[in-house]
Each structure stands twice: as structure tokens, then as C-alpha cells.
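Only one structure is covered here, and it is reproduced in the block below.
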Amino acid sequence: METTTGNTFPLIISVDDHTVEPADVWQNRLPKKYLDVGPRIVRAPLKEMTFLGGRFKPVMGTPGRTDGPIGDWWVYEDLHRPLTRLDTAVGYSRDEIKLEIITYEQMRQGSYDVPSRLADMDVNHVQSALCFPTFPRFCGQTFTEAADHELGLLCIQAYNDWMVEEWCGPAAQGRLIPLTLIPLWDAELAAVEVRRMAAKGVRAVAFSEIPPHLGLPSVHTDAWDPFLAACDETGTVIAMHIGSSSRMPSTSADAPPAVGSTITFANCCFSMVDWLMSGKFERFPNLKVMYAEGQIGWIPYILERADVVWEENRGWGGVADKVHRPPSELFAEHVYGCFFDDAFGLRNLDAIGLANVLYETDYPHSDSTWPKSREVGESQMGHLEPDVIERIVRGNAIDLLGLTPEGLWSGM
């Protein structure tokens with residue numbers, strides 16, 4: 001497969017796209033006794049829905065009634081979560097993209113259908129894509145918050161098997177790259193699942209940017225060490241998406257969504273400092289982490305400030321005994337920033353590090369650059385040399401995710 005076309009802009013490897021799970025993912029894989037409580041699709045009206053202060057609160061009406069907008073809802077234990085236009089906005093004009101519920105028939109098929117996804121990738125000059133989940137949320141919080149963790153573990157295993165065998169199966173032709181989930185409530189079980197998936201050729205696992213927001217231990221504790229050791233041993237990249245702490249940045253409970261949308265990178269910023277000051281990169285020298293949709297323009301100052309703090313204040317700052325090198329050096333070896341629209345960051349690559357930057361398209365979300373990701377890339381990277389563009393658009397992803405030289409996932 002050729003990796004360049006036309007004026008030689010490289011075919012894109014996107015490290016942050018999304019899949020909307022087909023309705024039968026869990027119904028086809030869970031034991032029969034769990035089918036009535038496991039994730040399933042119900043068509044029902046919307047009673048009310050708000051999205052303020054970074055919190056999304058939908059209320060489902062009675063199935064079969066028509067006293068409100070009709071949509072498809074994931075129902076799981078006591079959870080009712082609708083499909084929304086923000087889950088899959090591509091193909092609609094900006095003025096049509098609103099916070100509203102939808103059915104599968106009202107979304108672009110590439111959101112959930114593999115052949116249609118590949119066709120939409122072709123339109124967008126994308127060769128390969130790593131996809132985060134929708135219903136499980138960005139790191140499987142849905143199953144962590146559930147009452148029955150025995151069922152939750154089965155749901156995670158079912159999702160991971162579907163991801164490898166179907167979403168990234170033969171029909172994907174190696175162009176879809178698997179990203180799997182772990183049971184966040186048990187680091188030992190998480191380690192088992194990392195190794196199970198690594199044996200199937202998986203090289204990326206989703207994790208929370210700020211676990212304490214989920215009621216889980218921070219990366220400053222030893223609680224995650226079994227999971228981190230498994231990632232270190234198997235070469236599994238820890239992928240953290242904005243919002244994977246179930247809390248999008250905001251300033252107040254009544255702040256409109258535009259406030260949070262402007263500062264979506266903030267949790268990535270906080271998370272990266274956590275990791276750099278945790279000592280984990282020295283304890284687990286093969287560990288790699290990436291920040292999906294976090295953009296990159298903010299990184300240079302954070303590295304500068306972190307180095308100053310480490311140099312001047314580590315004696316009383318609680319890190320002298322575990323962080324033995326400047327944070328900027330640790331960043332260069334272990335951390336990757338991901339962007340799809342960051343002209344400022346691209347003008348400051350020297351301060352970030354060319355090897356630490358990955359490209360994405362965010363299909364099918366409302367922020368996606370589809371179907372013009374190539375045009376956006378060309379306009380923002382026109383000042384860069386071809387070999388630099390090649391590294392950003394595909395080379396770094398090939399190295400990080402263990403893809404073939406052609407940029408494909410080779411499977412098991």
C-alpha cells in the first residue's frame with residue numbers, strides 16, 4: 001500500500017477516532033443469564049437532558065411512547081444512556097450538530113460498520129485508525145461504576161473480544177488498530193486482561209487521565225503497579241482520552257459547554273504532571289503513555305515549569321526520592337501528545353519533541369476534521385520538511401503501536 005499520494009502528503013494514521021458499538025456487541029457475547037441486565041439497546045423517548053458544568057444528565061422516557069424525541073438508548077443495570085448527535089456528528093453541518101438523541105438510522109454508517117468506516121477513511125486520506133469506545137466511555141468507566149463487577153468484567157472481556165475479532169478483524173484489512181479496556185476496580189485483574197490482549201497482538205489499552213475523579217487510587221500510589229508492570233512487560237501503550245476521568249474541565253456548575261470545550265486539554269495537562277512526578281517512568285522504564293485529543297501547544301511551558309520545580313523545589317516537593325531526572329527528559333522517553341488542529345503546537349515542535357507528537361482525526365465526533373483532515377494538515381504543516389511531516393502523520397504511530405512498516409495492524 002502506498003503511503004503518499006498527490007503532492008506527497010502522507011496517508012494519515014489517526015490515533016484518536018471512535019467506534020459506536022453495534023447494538024449486539026454484548027447480547028452476542030454475554031452468558032444467557034446476563035442478557036436482561038447486560039448492555040442492550042432500547043428505543044425510547046427523551047424526557048429531559050442537560051449538559052452543564054461538564055456533566056451530562058439524560059433522562060429516558062417510557063419505551064413505546066412518543067411524548068418526546070425518540071432515540072436509541074443503551075440500558076445496563078440501572079443506567080440509561082442515549083446515543084446522541086455529539087457521538088456521531090460527521091456528515092452534518094455545524095449548525096445541525098446539537099445536543100440531541102438519535103437512532104442508529106440517523107447516524108453515518110461508518111460510525112459502527114467496518115466497511116463503511118474504511119470507505120470514510122478513504123475519503124479522509126486516512127490509512128489506519130485507533131478507536132476509543134462510546135458506550136463504555138473512554139476507559140470503561142461504565143463498567144467500573146456498575147453494581148455487579150462480575151458482570152462488568154464479562155462486559156469488558158466481551159468488548160475486547162469484539163474489538164479484536166470483529167472491529168479489527170479480517171474485514172478491517174489491518175487498517176483498524178485495537179484499543180482495549182481493563183477492569184479499573186482491580187489492578188491484578190487489569191494485568192491479566194492486558195496480558196490476555198497482548199497475546200492477541202494488542203498494543204494499546206485505555207486508562208483514566210485522573211483516576212481519583214473516578215474514586216480510584218492516584219498514580220502516586222502503588223495500587224496500579226500490577227497493571228503498570230503488565231504494560232511495561234508487554235509493550236502496551238496506556239492511552240488516555242480527554243474526559244476519561246468522567247469529568248470534563250469546567251469552571252462552574254452553570255458554565256456553558258463552550259467554556260469546557262475551550263479548555264478540554266486541561267485534564268491532560270494535570271495528568272501529565274502527575275505521571276512526570278510519580279516516579280513510575282523510572283520504575284517501569286518501558287512504559288509509554290499518550291494523551292488523545294489533548295492537543296500539544298500547552299506542553300512546552302509545562303515541561304519548563306516542571307523542570308524548574310524539580311530543580312529548585314524537589315527537596316520539599318515530595319519527589320526527590322523517586323524522580324531522579326528532569327521531567328522533560330522523562331517526557332521525551334515516555335509521553336506522547338496527540339492533536340488534530342493545533343497550529344501553535346506545530347510552530348513549536350522543537351520545544352515539544354518531534355518524536356512525541358501523534359496525529360488524529362476524531363471521527364465521528366463534532367470536533368472531527370473529517371472529511372478534510374488532509375487539507376487541515378497541509379495548511380498547518382506547510383512550513384515543515386517532508387520527513388518531519390511523515391513522522392507526525394504516521395511514522396511515530398507506527399513505532400509506538402508496533403504497526404507494520406506499511407502502517408497496518410498485523411494481529412496475532
Side-chain angles (χ1 to χ4, degrees), residues 18-44 56 58 60 72-84 87-88 104 111-114 130-169 176-200 202 204-208 211 213-216 224 226-227 230-231 236 238-241 243-246:
H18 300 264
T19 177
V20 176
E21 300 78 19
D24 60 1
V25 167
W26 290 277
Q27 292 293 295
N28 283 351
R29 289 170 181 76
L30 290 177
K32 190 173 182 179
K33 68 176 183 177
Y34 286 121
L35 295 183
D36 290 338
V37 291
R40 59 205 182 276
I41 286 291
V42 173
R43 187 157 292 186
F56 176 48
M60 188 176 86
D72 285 332
W73 296 71
W74 283 107
V75 177
Y76 169 47
E77 292 189 340
D78 295 329
L79 174 67
H80 299 152
R81 199 281 192 192
L83 300 179
T84 75
D87 293 330
T88 171
Y104 278 93
S111 302
Y112 59 87
D113 176 72
V114 171
L130 181 83
C131 296
F132 284 82
T134 298
F135 170 70
R137 309 218 300 281
F138 294 144
C139 66
Q141 305 101 295
T142 295
F143 304 121
T144 298
E145 295 168 359
D148 186 343
H149 277 170
E150 179 181 353
L151 171 57
L153 179 58
L154 291 172
C155 286
I156 286 171
Q157 292 169 338
Y159 177 88
N160 290 346
D161 289 341
W162 167 80
M163 169 64 61
V164 172
E165 297 166 7
E166 294 195 36
W167 185 251
C168 301
L176 295 173
I177 307 162
L179 172 69
T180 52
L181 304 175
I182 56 168
L184 291 165
W185 60 88
D186 189 316
E188 295 283 356
L189 288 177
V192 170
E193 190 63 9
V194 166
R195 292 188 174 97
R196 185 176 83 90
M197 289 293 102
K200 296 177 180 289
V202 176
V205 63
F207 190 64
S208 175
H213 286 346
L214 304 179
L216 299 169
W224 296 107
F227 163 64
C231 293
T236 299
I238 296 176
M240 293 172 282
H241 195 285
S244 57
S245 59
S246 294

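Note that the coordinates shown come from a computational prediction; the quantities given were computed from them, not determined experimentally.
- Considering CD of Glu145 and OG of Ser246, their distance stands at 5.0 Å, rounded to 0.5 Å.
- Checked by atom type and distance alone, the side chain of Ser244 never pairs as donor or acceptor with a backbone atom of Phe138 at under 3.5 Å.
- In plain terms, the two heavy atoms of Pro183 and Leu189 that are nearest each other are CG-CB, 3.7 Å.
- Side-chain atoms of Leu214 and Gln141, non-hydrogen and from C-beta on, do get closer than 4.5 Å to each other.
- Annotation for Tyr112 and Val20: closest pair CB-O, 3.0 Å, computed over non-hydrogen atoms.
- Take His149 and apply the side-chain contact (heavy atoms from CB on, under 4.5 Å) test, not counting sequence neighbours, and it matches Trp185.
- The distance from the CH2 atom of Trp73 to the CG atom of Leu83 is 10.0 Å, given to the nearest 0.5 Å.
- Taken from CD1 in Ile238 to OG in Ser208, the straight-line distance is 11.5 Å, to the nearest 0.5 Å.
- Put simply, OH on Tyr34 and CZ on Arg40 are 14.0 Å apart, with the number rounded to the nearest 0.5 Å.
- No side-chain donor-acceptor contact under 3.5 Å links Asp161 to the backbone of Ala158.
- The residues Asp72 and Arg81 are annotated as not salt-bridged, no charged nitrogen and carboxylate oxygen being separated by less than 4.0 angstrom.
- We find the CD1-SG distance between Ile182 and Cys139 to be 8.0 Å, quoted to the nearest 0.5 Å.
- Using modelled atom types, one side-chain atom of Asn160 and one backbone atom of Leu181 make a donor-acceptor pair closer than 3.5 Å.
- With Glu21 contributing its side chain and Pro133 its backbone, the two residues share no donor-acceptor pair below 3.5 Å.
- No side-chain donor-acceptor contact under 3.5 Å links Ser245 to the backbone of His213.
- Using a distance-only test at 3.5 Å, with no hydrogens or angles considered, no donor-acceptor pair links the side chain of Asp24 to the main chain of Gln27.
- Closest non-hydrogen pair, Pro211 versus Trp224, comes out as CB-CZ2, 4.1 Å.
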- prompt: So Thr180 and Glu193, side-chain contact (heavy atoms from CB on, under 4.5 Å) or not? Walk me through it.
  reply: CA-CA 9 Å; Thr180 52; Glu193 190 63 9; over 6 Å; no
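- Trp74 and Pro22 get closest at one heavy-atom pair: CH2-O, 3.5 Å.
- The aromatic ring centroids of Trp26 and Tyr76 lie 6.0 Å or more from each other.
- Relative ring orientation between Trp162 and Tyr159 is described as tilted, the plane-to-plane angle lying within the 30° to 60° band.
- Remark: the backbone N or O of Cys231 is not paired with any side-chain donor or acceptor of Thr236 at under 3.5 angstrom.
- Taking both residues in full, the closest heavy atoms of Pro178 and Val164 are given as CB-CG2, 4.3 Å, listed atom of the first, atom of the second, then distance.
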query: Going through the distances and angles, do Leu30 and Leu151 end up as a side-chain contact (heavy atoms from CB on, under 4.5 Å)?
result: CA-CA 9 Å; Leu30 290 177; Leu151 171 57; 4.1 Å; yes
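- Counting all heavy atoms, side chain and backbone alike, Ala191 lies closest to Pro226 at CB-O, 3.4 Å.
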Chi angles and distances behind the side-chain contact (heavy atoms from CB on, under 4.5 Å) call for Leu184, Phe207: CA-CA 8 Å; Leu184 291 165; Phe207 190 64; 3.8 Å; yes
message: Between Arg137 and Phe143, is the side-chain contact (heavy atoms from CB on, under 4.5 Å) condition met? List the steps.
response: CA-CA 9 Å; Arg137 309 218 300 281; Phe143 304 121; over 6 Å; no
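- Annotation: the span from Met163 atom CE to Lys200 atom NZ amounts to 14.0 Å, rounded to 0.5 Å.
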